[in-house]
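The figures here come from the full heavy-atom set of this structure, side chains too, leaving out hydrogens, waters and symmetry mates.
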Amino acid sequence: QIPGIGIVGTRYPTEHGSRWTRKISQALAQSEFTVISGLAAGIDAMAHSSCLRAQGRTIAVLGTGLDVIYPPQNKALFEQITATGLILSEYAAGTKPDRGNFPARNRIIAGLSRAVLVMEAPPKSGALITAKYANDFNRDVFTLPNSPDVKEAHGCLNLIHNGAEVILSERQLLTS
């Protein structure tokens, strides 16, 4: 079994999505799972940093060259992961952020993961691309429910409608 769990989601999480991302990332790290994400702002950065705070293992898959930190505000997190985790990229050194690189990066996150957790995702989120790859690769997809009144939950609710497992608690997730 692959010991990594992909955690992905919106760059603009709600308090609900942020709180659950921190809880789940910490629980996974404490249960010796590797947290895999894309070093993006929002859910990705929260997943990596919460995992590191719990002294867990994390892998960041970049949509740029290894020498290009994007977004720039994640420089300290990039350095922490470099020191204690793993940074991966399929792009040559110097490759700048480009729109098409990030969906391609999401396939690597899904491929390295035993399961993918979509914590929050609006309808056109890149996190939904990761979930699609996870389905294509026969990985489990879990998602965090929230109210239909919350735009950031619409992608997750659609995943549930299409058969994704619902995250109900840390314990339930760890025993699935």
Quick one: are [X] and [Y] in side-chain contact, heavy atoms under 4.5 Å?
X      : Y      : value
Asn158 : His154 : no
Leu173 : Leu117 : yes
Leu28  : Ile7   : yes
Gln30  : Glu170 : no
Asn146 : Glu152 : no

Show the nearest heavy-atom pair for residues [X] and [Y], with the distance to one decimal.
X      : Y      : answer
Leu168 : Trp20  : O-CH2, 3.8 Å
Pro122 : Thr10  : CD-CB, 3.8 Å
Arg105 : Gly38  : NH1-O, 2.8 Å
Arg57  : Cys51  : O-SG, 3.1 Å
Ile36  : Ser113 : CD1-OG, 3.7 Å
Lys151 : Pro123 : O-CD, 4.0 Å

Kindly compute the distance separating [atom1] ([X]) from [atom2] ([Y]), expressed to the nearest 0.5 Å.
X     : Y     : atom1 : atom2 : value
Ile43 : Thr14 : CD1   : OG1   : 7.5 Å
Gln80 : Ser49 : CD    : OG    : 7.5 Å
Thr34 : Leu86 : OG1   : CG    : 9.5 Å

List, by chain and then residue number, the residues other than Tyr70 in its hydrophobic cluster (Ile/Leu/Val/Met/Phe/Trp/Tyr, side-chain heavy atoms under 4.5 Å); write none if there are no others.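 Once heavy-atom contacts under 4.5 Å are chained together, Tyr70 belongs with Phe102.
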Cluster partners of Leu77, using ILVMFWY side-chain heavy atoms under 4.5 angstrom, listed by chain and number?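 Besides Leu77, the hydrophobic cluster comprises Leu39, Leu52, Leu62, Leu66, Ile69, Phe78, Ile81, Ile87, listed by chain and residue number.
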Please tell me whether Ser176 and Glu165 have a donor and an acceptor in their side chains that are separated by less than 3.5 angstrom.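 No, because no side-chain N or O of Ser176 sits under 3.5 Å from a partner of the opposite role on Glu165.
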If hydrophobic clusters are built from ILVMFWY residues whose side chains come within less than 4.5 Å, do Phe137 and Val61 share one?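 No, no single cluster joins them.
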Are Met119 and Val166 in one and the same hydrophobic cluster, where Ile, Leu, Val, Met, Phe, Trp and Tyr link if side-chain heavy atoms are under 4.5 Å apart?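 Different clusters.
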Tell me whether [X] contacts the main-chain N or O of [Y] through its side chain, where contact means a donor paired with an acceptor under 3.5 Å.
X      : Y      : value
Thr143 : Val118 : yes
Glu120 : Thr21  : no
Arg171 : Ser169 : no

Got a sec, which residues hit side-chain hydrogen bond (donor to acceptor under 3.5 Å, both in side chains) with [X], two or more places apart in sequence or on another chain?
X     : value
Arg11 : none
Ser89 : none
Glu32 : none
Lys75 : Glu79

Tell me, please, which residues at least two apart from [X] pass side-chain contact (heavy atoms from CB on, under 4.5 Å).
X      : value
Thr95  : Tyr91, Ala92, Asn101
Ser37  : Val8, Asp44, His48
Asp140 : Ala115, Phe142
Ser18  : Pro13, Arg22, Met46

Please check if atom OH in Tyr12 has more than 12 non-hydrogen atoms from other residues, nucleotides or ligands closer than 6.0 Å.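 It does not: Tyr12 OH has 12 such atoms or fewer within range.
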For atom CD of Glu15, decide whether the heavy atoms of other residues, nucleotides or ligands shown that lie under 6.0 angstrom number more than 12.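 Yes.
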According to the ring pair (Phe, Tyr, Trp, His ring centres under 6.0 Å) rule, which pairs have a member within residues 155-176, sequence neighbours left out?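 Counting only pairs at least two positions apart or across chains, no ring pair (Phe, Tyr, Trp, His ring centres under 6.0 Å) contact touches residues 155-176.
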Considering only distance and modelled atom types, tabulate donor-acceptor pairs under 3.5 Å from the side chains of residues 127-136, sequence neighbours left out.
| residue | atom | partner | partner atom | Å |
| --- | --- | --- | --- | --- |
| Thr130 | OG1 | Asn106 | ND2 | 3.4 |
| Thr130 | OG1 | Gly126 | O | 3.4 |
| Lys132 | NZ | Asp136 | OD2 | 3.1 |

